[in-house]
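Here is the naming used below: chain letters follow the sequence lines, and residue numbers restart at 1 for every chain.
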Amino acid sequence: MNLSLTPLTVRANRLMQRWGVHPQDRKAPASGTAITPLPLPEQLILPLSQHIGSPARPVVPSGARVLRSQLLATAQGRVSAPIHAPTSGTIVAINSAPIAHPSGLTGPVMVLEPDGLDQALASEAVDPFTLSPAEIAERVAAAGIVGMGGATFPSAVKLGLGHNQPIQTLVLNGGECEPYLSCDDRLMQERPEQVIDGGRIIRHAIGAERIVIGIEANKPAAIAQMQAAARDFPEISVIKVPNRYPMGSEKHLIAWLTGQEVPSTKLAADIGIVVHNVGTAAAIHRAIRWGEPLTQRIVTVAGGAVRTPLNLEVRLGTPVSALIEFCGGLVSEPARRVMGGPMMGIAITSLHVPIIKGSGGVLMLTEAEIKPAAAATPCVRCSACVSACPMGLLPLEIVARVRSNDLAAAQELGLKDCISCGTCAFVCSSGIPLVQYLNHAKGELAANERDAKKQAELRALAEARSERLQREARAKAEAAAQRKAERERARAAAKAAAAAKKAEKAEQNPA
Amino acid sequence: MTTAVLPSPHTHGARPVSQTMLLVMLALLPATLSSFWHFGWPAVYLWLVTIVACVLAETLAVLLARRPLRPTLADGSAILTGWLLALSLPPWAPWWIAAVGGVFAIIVVKQIFGGLGQNVFNPAMAARVVLLISFPLEMTRWIIPPSLGSGPGPVEALAITFGSPSLADGISGATVLDPAGGGFDVFTYSLGHHAGSMGETSALLLAAGGVFLIVRGVIGLRIPSAFLLGVAVPAALAYTLVPDSQPSPLFHLLSGGVMLGAFFIATDYVTSPSTPLGQWIFGLGCGLLTWIIRTWGAYPEGVAFAILLMNAATPLIDHYTRPRIFGRRRDGHSLASEER
Ligand code: SF4
Ligand code: SF4
C-alpha cells in the first residue's frame, strides 16, 4: 500500500510552504456523530442553478407528478448540470425563491411536494470498467454531478480533460480544512469503499496512473478507514496532510502532495493532475454503479446556537429550517447563519434557503464564535495578512489600491491570483473585511473585462456593418452605372435602328 | 433577520490592536521597573510626564481633526509611544524635555501623517533625535546610577525633574558609549546598573521582554535577529582586526539602545517592511547603520538614527521585496512561460 516513499524534493518543497493559518477546528461534536438520514420535508425547493455555469432548463411542467431520480431540468450548454427529483411527488410551482447567494437574492426554483412514497425510476447497475471514458463522462454529466466540496463545477467537464492531455495523477481531496465541517470525514469513515471505488472510476475515465488521497491529520479515523479500503489497490496512496487552512485549496493540496505548482495561467490538468473532492467520488460511484443521479448529500449542521450538532444525509432542496429543527432547534439566536464553512461560506438571511449540491454545512454561529472586530480600524501594517496569504500576495497593499480605486495597480499586485480563501481577513488585527474588498474588486475587474469584450464585439459588429453598407453602396452604384450604360447603349441602339430604318425607308422609296 | 450582506470569513482569529499594545507594555515592564530601581524617583516622574504628554497630544489632535476619540485612544498606541520615548531619555532630564518630545512625537510625527498606520517614522525615535539635535546638553547628561538607597527621595526628585537644571548636580558627564570611561563588564550592562538612558541600560530584561513578544507572536523573529546580527557581525570583525581600539561585539550588543531598538522600536509594525525578505533587509540595515554611526559618526549613539534611516527606506524595500506569487515567477510572469 503506502510504501511509495515521498521523494526528497517533495519533502523539501513542503518545508518551504509557510502559508496558511490554524483556526480552531471546532469539528466536535458533529464529527463524532454518524451520518443520519433526514426525514422528507414538506416541500423541496430546487434551484435551477446549483452549479457553476448556465442554469438548468425545466423539462417538466408545473403540476406534473414525478418519480425519484426523474429528470426535472436539463443542462444548458457545455458547463451546466441537470437537476433530478430527490423523491416522488408533484411539482407544485416553478417560480422564484430565496437561495444561498452572497447578496441574499432570490433565484428561479422548482418546488416539489413529496407524496411520501419515495418511488424511484428504475435504474440499471453496470460495471464501470466495461464503459469507455467518454461513456463515463456522459453518465456523470447526466447524473448532474458537480464538485461537492463547494466549488460546484460540473464534474463531467473535468473528466473530459483527459481527452486532451495525458493525466498522471488523480488527487482526491479529503482535506476538509474548513472548521466545523465533518461531512467528508464521516463519509470517509463510514463509506470509504464508495470513495475508493469512485476514485477508481474517475481514474479509469481520465486515464491517470495513480490516485493520491490527501486527508488532514485531524481525521485519524477517516485516514485509517480509507487506508484499509485502499489496501488492495497498489495505485492508491492515502496521505496524511497537516491541519492547515486552506489545505483543501486545490492548488495547495497539489503542491503539498506532489511538490508541483500549478502555473498561475494554467489549470491543474495542464501539469497532468486532476483533483476531485471525496464526496464527488462517492457520488460518481453511485451514479455509475447504480445509475443514481445526485439528489442528496451529507450536510454538517453545527455552531454554538444549534442544540445538537449532527451530520445529516439530506435530499437536495430541503430548507435549512428542517435541518435545524431535526437537530433540536436553536439554543440561542444565532449572530450569523452560514451555508458552507465559516471561512468561505455564504451568510444567509433566511432559513427557507434550500440545501443545494455544494452545501456541505449549515452553521448557526454565536457572537463569540464569530469574534468580530468591533469595527474596522485603519491598517496598522502588522503584516499578519502577508505571512498568512497562501498565494503569496500582499493583501494590505492590494486592498489599499482597491480603496483608492486603482484597479490597475491592484491587478498588477496579483488581485486575480487571490482565491478568496479569507485567510487574510481571518488574521487581520484591524478587523478589516479584506475579502469583501478583494471580491468587490475582482467583480469590478471581471465586469470591466466583460464590458471591454462587449465593446470590442460591438466595434467589430459596427465595422462589419459599415463595411457591408459600403460594399452595398458600391454595388448599388456599380449596378446603377451599369444600368445607365445599358440604357444608353439601348438608346443608341434604338437611335441607330431608327436611323437605319429611315435609311431603309429612304432606300425603299427612292424619290 | 438582518438583510445586510455579511462578508466571509465568518470567524476571526486575530488579536485586536489594543491587546497587542498591552502585551508590548507588559514586555517593557521589567526593564522599566529596573530603571526605576536604579535611577530612582526622577525616572518615575519623567516616565509619567512623557506618557501624559503623548496622551494629551493625541486627544488634542483627534479632537482638532474631528475624529471619534475613543477608538483612537483605546488602541493604546499613544501610551506606548510615550513609554518608549521615556525609556530613551536620560533618566534625570527635566520635565519639559519629556513634554516637548511627547507632543512632537504624536502631533508632528504621527498625526500629521494621518494617524496610526500612516506615519513613516517611528514617533518615539523621531522625537528622540529631534530632542538630541535641539537640546544636546540636556539630552546627554547621563547619571551614574546612585548606589541603592542613596538616591533622591520622592520630594527631592520633584526638584530634579520639575526644578531648575542647576539642582541636578552630581550628574556625571560620562558618555554612555565610552567603554574606557565607565569600564565595561557584562554583568553591569546586562542588569542596567550603569549610566545611560532610562530604559536602555538593562539589556537582559529588554531582551527577555523581546523574547516574550516573539513567543506570543506579537513580533516576528526576523527584524530583531537581523538587527542584532547587523551589529554583532561587523563589530566582531572589527574587534578581531583591531582589538585595541574597537569595543567588543558584546559591548555593542549590551550597551545603548540596541536591545530596545531591536526588539521594541524596529519591530514597530507601521514603520517597518511587511514582506519577509524586506524584514531581514530592514533589520540588517538597522544593525549595520547603528554600528557605522557608533564607529564613525559624530553622535555617540546610532540606534535612533539608524532606525529612522531605515524607516525612510521602508516603502522602497517593500516594493522591491514582494513575495513570489503562487504559480508565478519572481518577476510576476506565470510559471507556465518558464519554458524557454
Ligand atoms: S483571500 Fe486572497 S489575499 Fe486573502 S489570503 Fe486568501 S488568497 Fe490571499
Ligand atoms: S492584517 Fe490587517 S492590519 Fe495587518 S497588515 Fe494586513 S490589512 Fe493591515
Side-chain angles (χ1 to χ4, degrees), chain A residues 21 23-24 102-104 179 251-252 255 261-266 270 336 338 342-347 349-350 363 365 369-375 377-384 386-387 390-394 396-397 412-414 417 420 422 425-431 433 435-436 439, chain B residues 1-21 68 70-72 74-75 77 114-119 217-220 222 268-276 278-279 314 318-319 322-330 332-339:
Chain A
V21 282
Q24 292 179 331
S103 45
K251 290 178 174 177
H252 295 88
E261 197 168 313
V262 182
S264 120
T265 50
K266 299 276 179 168
D270 293 316
R336 230 179 253 208
V338 176
M343 298 297 286
M344 289 186 77
I346 293 171
T349 51
S350 153
L363 309 178
L365 303 175
E369 291 174 290
I370 304 174
K371 267 215 283 171
T377 48
C379 169
V380 290
R381 294 179 42 86
C382 69
S383 80
V386 176
S387 329
M391 296 306 290
L393 302 174
L394 303 172
L396 78 162
E397 302 281 354
E412 202 260 321
L413 284 166
D417 290 286
S420 300
F426 178 83
V427 297
C428 178
S429 40
S430 294
V435 180
Q436 195 179 18
N439 282 346
Chain B
M1 287 209 169
T2 46
T3 46
V5 179
L6 300 166
S8 59
H10 309 292
T11 180
H12 300 87
R15 183 174 16 231
V17 176
S18 53
Q19 216 175 318
T20 300
M21 299 284 177
R70 261 181 44 138
T72 313
D75 68 25
S77 60
L116 184 65
Q118 301 295 313
N119 47 303
V218 174
I219 59 173
R222 298 182 196 107
D268 171 17
Y269 295 151
V270 179
T271 54
S272 64
S274 54
T275 67
Q279 292 170 352
T314 291
D318 261 341
H319 181 82
R322 281 186 205 158
R324 185 179 71 81
I325 296 175
F326 189 100
R328 290 182 186 277
R329 291 183 307 193
R330 242 185 203 292
H333 290 294
S334 168
L335 283 180
S337 48
E338 197 172 41
E339 313 132 1

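Not counting sequence neighbours, the partners of B:R324 by the salt bridge (Lys or Arg N to Asp or Glu O under 4.0 Å) test are A:E261. For B:R322, the salt bridge (Lys or Arg N to Asp or Glu O under 4.0 Å) criterion is met by A:E412, not counting sequence neighbours.
Ranked by heavy-atom pairs under 4.5 Å with chain A, the first of B:S77, B:A14, B:G217 is B:A14. The candidate with the highest count of non-hydrogen atom pairs below 4.5 Å against chain B, out of A:T377, A:V21, A:D270, A:L413, is A:L413. When the candidates A:P23, A:P433, A:C382, A:G345 are compared by the number of heavy-atom contacts under 4.5 Å with chain B, A:C382 comes out ahead.
The closest side-chain donor-acceptor pair between A:S264 and B:R328 falls under 3.5 angstrom. Looking at B:S274 and A:S383, their side chains never bring a donor and an acceptor atom within 3.5 Å of each other.
Counting heavy atoms from C-beta outward, A:R381 and B:T314 have side chains that approach closer than 4.5 Å. In this structure the side chain of B:H333 never reaches within 4.5 angstrom of the side chain of A:T265, judged on heavy atoms.
What you find for B:T275 and A:V386 is that their closest heavy atoms are CA-CG1, 4.5 Å. Among all heavy-atom pairs drawn from A:P342 and B:T11, the shortest one is CB-CG2, 3.8 Å. Taking both residues in full, the closest heavy atoms of B:V17 and A:S430 are given as CG2-OG, 4.0 Å, listed atom of the first, atom of the second, then distance. Shown here for A:V380 and B:Y269, the closest heavy-atom pair between the two residues is O-CB, 3.1 Å. Shown here for B:P9 and A:F426, the closest heavy-atom pair between the two residues is CG-N, 3.9 Å. B:H10 and A:L365 get closest at one heavy-atom pair: O-CD1, 3.6 Å.
For chain A, no part of B:Q118 is nearby; none of its heavy atoms comes within less than 4.5 Å. Only the backbone of B:S272 has a heavy atom closer than 4.5 Å to any heavy atom of chain A. Proximity to chain B (any heavy atom under 4.5 Å) is shown, for A:M391, by both the backbone and the side chain.
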